[in-house]
Participant: 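Shown below is the structure under consideration.
A note on names: the letters A, B, ... follow the listed sequences, proteins ahead of strands, and every chain is numbered from 1.
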Amino acid sequence: MSSLIQTTLALPPHPNPNLTTPCTLFTVLTSSTTLNHLKQVHAQILRSKLENSNSVLLKLVLSSCTLSTSLDYALSVFCQIQNPETHLCNKFLRELSRSTKPEKTLLVYEKMRRDGLTMDRFSFPPLLKAVARVSGFSVGSEIHGLASKMGFYSDPFIQTGLVGMYAACGQIMEARLVFDKMSHRDVVTWNIMIEGYCQSGLFDDVLELFEEMKSSGVEADQMILCTILSACGRARNLSYGKAVHEFIMENNIAIDSHLQSAIVNMYSSCGAMDLARQIYDQISSKNVVVSTAMVSGYSKFGQVEDARLIFNQMIKKDLVCWSAMISGYAKSDQPQEALKLFNEMRHLGIVPDQITMLSAISACAHLGALDQAKWIHIFVNKNGFGGALSVNNALIDMYAKCGSLDRARGVFENMPRKNVVSWSSIINAFAMHGDANNAISFFHKMKEKNIEPNGVTFVGVLYACSHAGLVEEGKKIFSSMTSEHGIIPEHKHYGCMVDLYCRANLLREALELIETMPLAPNIVIWGSLMASCQIHGEVELGEFSAKRILEVEPDHDGALIVLSNLYARERRWEDVGQMRKLMSRKGIFKEKACSRIELNNEIHQFFMADRYHKQADQIYEKLEDVVSQLKLVGYTPNTSVILVDVEEDEKKELVLSHSEKLALCYGLISGNKGSSIRIVKNLRICEDCHNFMKLVSKVYEREIVVRDRTRFHHYNDGLCSCKDYW
DNA sequence: AGACATGCAC
């Protein structure tokens with residue numbers, strides 16, 4: 001304690017340093033606004049031999065712990081008090097449980113237990129609140145036990161605290177048990193229970209409980225309506241959300257800005273952007289929250305440009321709305337724009353948090369540029385996000401998508417804690433790179449470590465089998481899904497199996513599976529079949545599956561594109577023309593093929609036959625040179641991949657100007673000799689380019705890594721890691 | 001009240 005006095009004496013004097021009586025002390029204490037002043041007052045107390053006056057010291061503690069910076073000081077003072085009165089302890093607990101460091105509440109609780117201090121029913125609500133905030137389930141159940149032992153099991157405030165504590169610790173069943181035992185529930189209790197279901201993602205229970213609450217005669221307040229609307233949004237339950245909106249209107253419930261935001265957010269989360277917009281436009285003073293709800297809605301449902309318009313109009317922008325906009329670009333496949341915004345935000349002095357980082361990392365993953373990825377990884381470590389589980393999971397995916405399986409694996413191996421997402425991500429990383437053996441072996445390792453695979457894990461493993469032609473292994477794993485893990489296969493899993501059979505040219509098995517599976521085939525299944533038919537040129541079956549898709553979704557762009565490709569392969573140009581007309585009438589366009597290459601921290605982008613690049617002349621010169629070199633080892637352009645009705649010579653020219661070939665030639669001109677050439681393409685690589693890459697890797701002795709729409713091809717010495725099976 | 005990491009096919 002003496003050291004404290006030493007330091008405090010050096011501080012500037014308190015405005016009223018002459019403290020002699022407890023009475024003046026009180027007055028000064030309540031007017032003390034800084035920690036330094038408090039410490040001076042404390043010194044005065046000690047000097048005036050008032051040290052044993054518990055009430056003075058406690059008052060000091062209580063007024064100081066409202067200052068968030070002085071928590072530790074408050075604790076140290078508290079610890080010196082001999083026998084604090086219970087009601088003052090409770091007040092201290094309450095302040096701590098609301099503070100920025102709720103875990104300190106539990107330290108005080110432990111001290112109180114150790115010192116045998118008295119607790120009463122008012123001690124428990126703050127303790128439970130603190131447990132809820134730190135998700136300390138084990139100490140929470142201990143406190144529950146203590147409360148019961150002391151006979152407080154029917155105190156409604158303690159019961160409400162217990163419900164909140166269990167819900168916050170993810171123990172929703174326990175929470176419900178306490179809730180059901182309660183004889184008096186007010187709107188707060190209902191709200192906590194409903195919010196608990198919301199946090200656990202049990203939206204059906206949310207709505208069910210809300211109905212129960214209304215019929216039990218408890219009136220819904222604005223707070224609970226916000227919770228319900230948020231649940232509707234997260235569950236994408238538009239019809240219930242609309243009903244809640246109507247309920248609000250019919251019952252003349254006052255709509256404050258919170259509730260208004262909740263309504264707009266419900267519509268925008270459900271993708272009902274027109275309805276969201278109607279309400280949004282009527283709001284005269286739009287705050288940052290409601291605007292962010294619009295930005296996020298437009299972003300999620302593919303209208304990133306509309307999101308940007310709102311974003312640009314916003315006067316005040318906080319971290320959340322920057323994050324929403326960045327994530328919007330990352331999701332809309334505009335990773336460069338996402339990263340540009342990320343940097344703009346940082347230059348404005350806004351410090352990213354973990355959620356912003358997840359979107360920025362995801363943007364790097366989409367971009368597929370390894371140098372950029374390394375940069376963000378360094379940024380992550382420098383800014384203290386390196387230990388976060390979800391950040392590391394995102395990094396695994398990012399490195400995998402940037403072509404560095406080694407780095408993805410490095411992140412995975414160095415993680416102190418791994419969850420099912422980490423394992424699924426690394427399995428998928430192997431799958432993407434065509435390393436089915438490791439994908440399968442990691443799947444087994446994960447089970448040995450008692451991490452339960454989930455539906456997504458199986459998508460990764462089955463995808464690996466499918467892309468490596470491992471039919472038997474895939475079948476075994478698929479059946480273990482139900483028999484060993486109790487996971488009921490969904491459409492996407494049947495889709496993987498259909499794909500597995502089709503790639504192995506086992507169309508009969510694929511059809512049999514579709515006919516015998518317990519689910520009605522949907523777009524996913526038909527899409528999978530259709531895609532495989534396109535690869536194998538199975539026109540009849542492909543046409544059949546495409547038509548099934550169009551029955552459900554007449555504007556399905558994939559089906560129309562594949563159909564037109566299939567007709568083109570058959571040289572049915574009239575049918576092709578009709579498809580093209582239909583597509584342009586519906587406003588559907590084939591995505592333009594585009595390849596990117598990253599060199600010296602710059603990203604160069606190429607479209608088919610484009611001459612936008614400033615070194616275009618050199619690139620086309622190099623292309624001619626490469627083609628003649630390859631012809632010496634037997635290359636001839638494969639024009640069967642060109643699906644437009646033009647002369648053979650023109651087809652040759654078209655196939656030679658594919659964007660990945662341009663990117664490759666630029667890499668050959670500008671990259672360091674001996675370094676690998678990394679290309680990212682938005683669509684599936686065609687057979688001719690695939691062959692071209694193989695030959696270049698041999699003739700020019702360069703490693704080439706190409707990421708296409710779904711996977712990686714590593715070309716070395718004339719061979720591809722996909723073993724020509726993709 | 002608003003932003004969030006793993007996933008089939010096109």
Participant: Rounded off to whole Å, could you give me the CG-to-P distance for the A:Asp708 and B:dC8 pair?
Facilitator: 12 Å

Participant: Under 4.0 angstrom, heavy atoms only, what part of the nucleic acid is A:Lys401 near: base, sugar-phosphate, or nothing?
Facilitator: sugar-phosphate

Participant: Which part of the nucleic acid, if any, lies within contact of A:Gly495, taking any heavy atom under 4.0 Å across all strands shown: a base, the sugar-phosphate backbone alone, or nothing?
Facilitator: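 Nothing: the residue A:Gly495, judged by heavy atoms under 4.0 Å, touches no strand.
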
Participant: Check this for me: does the side-chain of A:Asn287 come within 3.5 Å of the base of B:dG2 through a donor and an acceptor?
Facilitator: no

Participant: Can you tell me how far C1' of B:dA9 sits from CG of A:Asp499, to the nearest Å?
Facilitator: 7 Å

Participant: Among B:dC8, B:dG2, B:dC10, find the nucleotide with the atom closest to the side chain of A:Ala293.
Facilitator: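 Nucleotide nearest to A:Ala293's side chain: B:dG2.
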
Participant: Are A:Phe443 and A:Phe458 an aromatic pair, judged by ring center distance below 6.0 Å?
Facilitator: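 Yes, the ring of A:Phe458 comes within the 6.0 Å limit of the ring of A:Phe443, centre to centre.
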
Participant: Without decimals, in angstroms, what is the distance between A:His491 NE2 and B:dC10 P?
Facilitator: 18 Å

Participant: Tell me whether the side-chain N/O atoms of A:Ser291 come closer than 4.0 Å to OP1 or OP2 in B:dG2.
Facilitator: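 So the side-chain polar atoms of A:Ser291 never come under 4.0 Å of the phosphate oxygens OP1 or OP2 of B:dG2.
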
Participant: Between B:dG2, B:dA3, B:dC10, spot the one nearest the side chain of A:Leu319, thanks.
Facilitator: B:dA3

Participant: Choose from B:dA5, B:dA1, B:dA3 the nucleotide whose nearest atom is closest to any side-chain atom of A:Ser323.
Facilitator: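 Output: B:dA3.
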
Participant: Within less than 4.0 Å of OP1 or OP2 of B:dA3, is there a side-chain N or O belonging to A:Lys331?
Facilitator: no

Participant: Check the phosphate of B:dG2 against A:Ser261, side-chain N and O only, distance under 4.0 Å to OP1 or OP2. Yes or no?
Facilitator: no

Participant: Between P on B:dG2 and CG on A:Leu229, what's the gap in Å once rounded to a whole number?
Facilitator: 10 Å

Participant: Is the positively charged end of A:Lys445 above the ring of A:Phe442, judged by distance under 6.0 angstrom from the centroid and angle within 45° of the axis?
Facilitator: yes

Participant: Regarding A:Lys300, tell me which of base, sugar-phosphate or nothing describes its non-hydrogen contacts under 4.0 Å with the strands shown.
Facilitator: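 Sugar-phosphate contact only - A:Lys300 comes under 4.0 Å of backbone atoms but never of a base.
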
Participant: Where the side chain of A:Asp397 is concerned, which of B:dT6, B:dA1, B:dC4 is the nearest nucleotide?
Facilitator: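 Looking only at side-chain atoms, A:Asp397 lies closest to B:dT6.
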
Participant: With respect to the phosphate group of B:dA9, does any side-chain polar atom (N or O) of A:His493 fall under 4.0 Å of OP1 or OP2?
Facilitator: no

Participant: Any base atoms under 4.0 Å from A:Gln534, or only sugar-phosphate, or nothing? Heavy atoms, all strands.
Facilitator: sugar-phosphate

Participant: May I ask you to say what A:Asp353 touches in the nucleic acid, namely base, sugar-phosphate or nothing, with a heavy-atom cut-off under 4.0 Å?
Facilitator: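 Since a base atom lies under 4.0 Å of A:Asp353, the category is base.
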
Participant: Looking at every strand, decide which applies to A:Val320 at a 4.0 Å heavy-atom threshold: base, sugar-phosphate, or nothing.
Facilitator: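 Answer is base: heavy atoms of A:Val320 come under 4.0 Å of a base.
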
Participant: Between B:dG2, B:dC10, B:dC8, which one does the side chain of A:Arg684 approach most closely?
Facilitator: B:dC10

Participant: Let's see if you can work this out: which of B:dC8, B:dC4, B:dA9 has an atom nearest to the side-chain heavy atoms of A:Ala531?
Facilitator: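 The listed nucleotide nearest to A:Ala531's side chain is B:dA9.
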
Participant: To the side chain of A:Ser390, which of B:dT6, B:dG2, B:dA5 is closest?
Facilitator: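 Within the option list, the nearest is B:dA5.
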
Participant: Taking the minimum atom-to-atom distance to the side chain of A:Cys496, which one of B:dA5, B:dC8, B:dG2 wins?
Facilitator: B:dC8

Participant: Expressed in angstrom and rounded to an integer, what is the separation of A:Phe311 atom CZ from B:dG2 atom P?
Facilitator: 19 Å

Participant: Output the rounded distance in Å from CD (A:Glu490) to C1' (B:dC8).
Facilitator: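 Those two atoms, CD and C1', are 12 Å apart.
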
Participant: Nearest whole angstrom, please: distance from the C1' of B:dA9 to the CG of A:Asn522.
Facilitator: 11 Å

Participant: Expressed in angstrom and rounded to an integer, what is the separation of A:Met294 atom CE from B:dG2 atom P?
Facilitator: 15 Å

Participant: When you check the side-chain N and O atoms of A:Ser299 and A:Tyr329, is any donor under 3.5 Å from an acceptor?
Facilitator: no

Participant: From B:dC4, B:dG2, B:dC10, pick the nucleotide closest to the side chain of A:Thr710?
Facilitator: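 So the side chain of A:Thr710 is nearest to B:dC10.
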
Participant: With sugar-phosphate meaning primed atoms plus P, OP1 and OP2, does A:Val391 contact a base, only sugar-phosphate, or nothing at under 4.0 Å between heavy atoms?
Facilitator: nothing

Participant: Would you say the side chain of A:Arg346 lies within less than 4.5 Å of the side chain of A:Pro352, judging by non-hydrogen atoms?
Facilitator: yes

Participant: Do A:Glu305 and A:Tyr298 come close enough that some side-chain heavy atom pair is under 4.5 Å?
Facilitator: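 Not in contact.
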
Participant: With a cut-off of under 6.0 Å to the ring centre and 45° to the axis, is A:Arg548 in cation-pi contact with A:Phe544?
Facilitator: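 Relative to the ring axis of A:Phe544, which defines the angle, A:Arg548 lies inside both limits.
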
Participant: From C-beta outward on A:Arg709, which listed nucleotide comes closest to its side chain: B:dC10, B:dA5, B:dA9?
Facilitator: B:dC10

Participant: So, is A:Asn265 close to the B:dG2 phosphate, meaning a side-chain N or O under 4.0 Å from OP1 or OP2?
Facilitator: yes

Participant: So A:Ser230, base contact, sugar-phosphate only, or nothing? Heavy-atom distance under 4.0 Å.
Facilitator: sugar-phosphate

Participant: Counting C-beta onward and ignoring hydrogens, is there a side-chain heavy-atom pair between A:Asn438 and A:Ser441 closer than 4.5 Å?
Facilitator: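 Counting from C-beta outward, A:Asn438 and A:Ser441 do come under 4.5 Å.
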
